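Numbers here simply count residues along the sequence, with the first being 1. Predicted, not measured: the structure shown is a model, and the values here were computed from it.
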Amino acid sequence: MEPRHLGRTGLRVPPLGLGTLTWGREVGERDAAALLRTFWRAGGTLVDTADVYADGGAEYMLGRMLGGFVPRRDLVIATKAGSVADPHRRVDGSRGHLLNSLDASLARLGTDYVDLWQLHAYDTATPLEETLQAVDDAVRSGRVRYAGVTGYCGWQLAKAGTWQLADAGRRCRLSTTQMEYSLLQRGVEREVVPAALDLGIGLLPSSPLGRGVLTAKYRGGARPVGSRAVSDQLSAFVAPYLDRKAGRVVDAVRTAADGLGATPLQVALAWVRDRPGVVAPLVGARTAEQLEAALSVADLTLPQEIRRALDDVSAPVHHYPDQDWSTL
């Protein structure tokens with residue numbers, strides 16, 4: 001498919017990104033190398049990581065592959081800073097922490113710049129202007145090409161995006177926001193998506209397959225061996241999407257897939273890929289086979305009647321102030 005602009009910037013990426021959340025923990029170096037090679041050979045460019053994934057292990061693993069398995073110039077590397085392990089302060093958006101984290105990320109990645117640097121969370125204890133000035137400093141230094149955020153709610157995104165645009169000549173506009181978004185989690189449509197569309201900020205959906213549930217592998221109460229639903233570490237991550245309401249959405253996805261001669265994975269991924277404002281869903285595959293299945297969605301466009309049916313069955317309930325109070 002045609003590459004898409006990363007927000008209102010000149011940088012373009014294909015409409016599917018590779019996530020590395022499990023690298024260094026669930027995914028070892030050999031499997032990670034197979035994933036990256038498969039992704040690159042299919043024309044993929046955007047690889048998303050973070051300084052806290054596997055305590056820096058994901059960045060280090062990716063860095064070891066650059067220049068060897070895949071040329072650095074062929075990738076758009078996105079990483080994050082701001083999340084910390086301190087139980088008393090889970091987010092640190094201070095200038096010192098952010099710039100030190102960036103330097104550490106560059107060292108682990110073995111590169112002198114990252115294409116997209118994202119603030120991992122909103123820090124209520126640090127003035128927003130200090131956090132964003134650190135981003136501008138990083139861009140001016142050449143260590144960062146583009147900037148984005150992760151996990152910002154609607155008002156936080158609007159505030160940060162507007163601050164950067166207030167002095168467009170000196171401040172780096174935000175190009176992306178990364179949020180969980182799927183047929184099972186459409187909460188971002190309430191305020192985040194409208195703010196992003198208004199500000200020209202592209203959306204990078206994480207967990208676009210509903211934490212794996214939209215593949216239909218848990219349908220009918222199934223719990224496949226080796227799946228996240230039976231993992232001691234990740235079962236709680238999957239559990240919220242195994243209720244009856246989610247089951248109705250999964251059934252609709254399965255029905256649509258049967259009618260199209262496609263897989264539930266392809267249908268669910270195509271739906272979120274083509275939502276307004278979306279640049280590239282981030283797929284966290286654990287094997288090359290899983291990644292190849294996700295990449296195959298490039299050939300699928302959902303018919304309007306199927307898209308409308310999926311919209312209806314997964315529609316979130318939004319009341320006041322999203323709807324006129326007189327209709328409630």
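A continuous path of Ile, Leu, Val, Met, Phe, Trp and Tyr side chains, each step under 4.5 Å between heavy atoms, connects L199 with V188, placing both in one hydrophobic cluster.
With a 4.5 Å cut-off on side-chain heavy atoms, Q133 and R171 do not count as touching. Residues L269 and L16 are in side-chain contact: their nearest non-hydrogen atoms beyond the backbone lie under 4.5 Å apart.
Within 6.0 Å of the CZ atom in R186, the count of heavy atoms belonging to other residues, nucleotides or ligands exceeds 12.
Residues passing the salt bridge (Lys or Arg N to Asp or Glu O under 4.0 Å) test with R173, sequence neighbours excluded: none.
The closest donor-acceptor contact from the side chain of R140 to the backbone of R170 lies under 3.5 Å.
For the atom pair OG of S141 and OH of Y113, the computed distance is 13.5 Å after rounding to the nearest 0.5 Å.
For the residue pair R275 / Y181, a side-chain donor-acceptor distance below 3.5 Å is found, with atom types taken as modelled.
The hydrophobic cluster around Y60 extends to none of the other residues, as no ILVMFWY side-chain heavy atom falls under 4.5 Å of it.
Pairs passing the salt bridge (charged side-chain N to carboxylate O under 4.0 Å, His left out) check and including a residue from residues 142-166, sequence neighbours excluded, read D103-R143. Annotation: salt bridge (charged side-chain N to carboxylate O under 4.0 Å, His left out) contacts involving residues 236-249, sequence neighbours excluded, are absent. Within the structure, every pair that satisfies the ring-ring contact (aromatic ring centres under 6.0 Å, His included) test and touches residues 121-170, not counting sequence neighbours, is listed here: Y122-Y152, Y122-W155.
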Could you walk me through whether K80 and L119 pass the side-chain contact (heavy atoms from CB on, under 4.5 Å) test, one step at a time? CA-CA 6 Å; K80 310 177 191 73; L119 302 171; over 6 Å; no

side-chain hydrogen bond (donor to acceptor under 3.5 Å, both in side chains) for W23 and D31? Distances and angles first, verdict last. CA-CA 9 Å; W23 287 24; D31 288 335; over 6 Å; no

Distance-only criterion, 3.5 Å: show the donor-acceptor pairs between side-chain atoms of residues 8-15 and protein atoms not counting sequence neighbours.
unit_1: T9; atom_1: OG1; unit_2: L6; atom_2: O; d: 2.8
unit_1: T9; atom_1: OG1; unit_2: L11; atom_2: N; d: 3.2

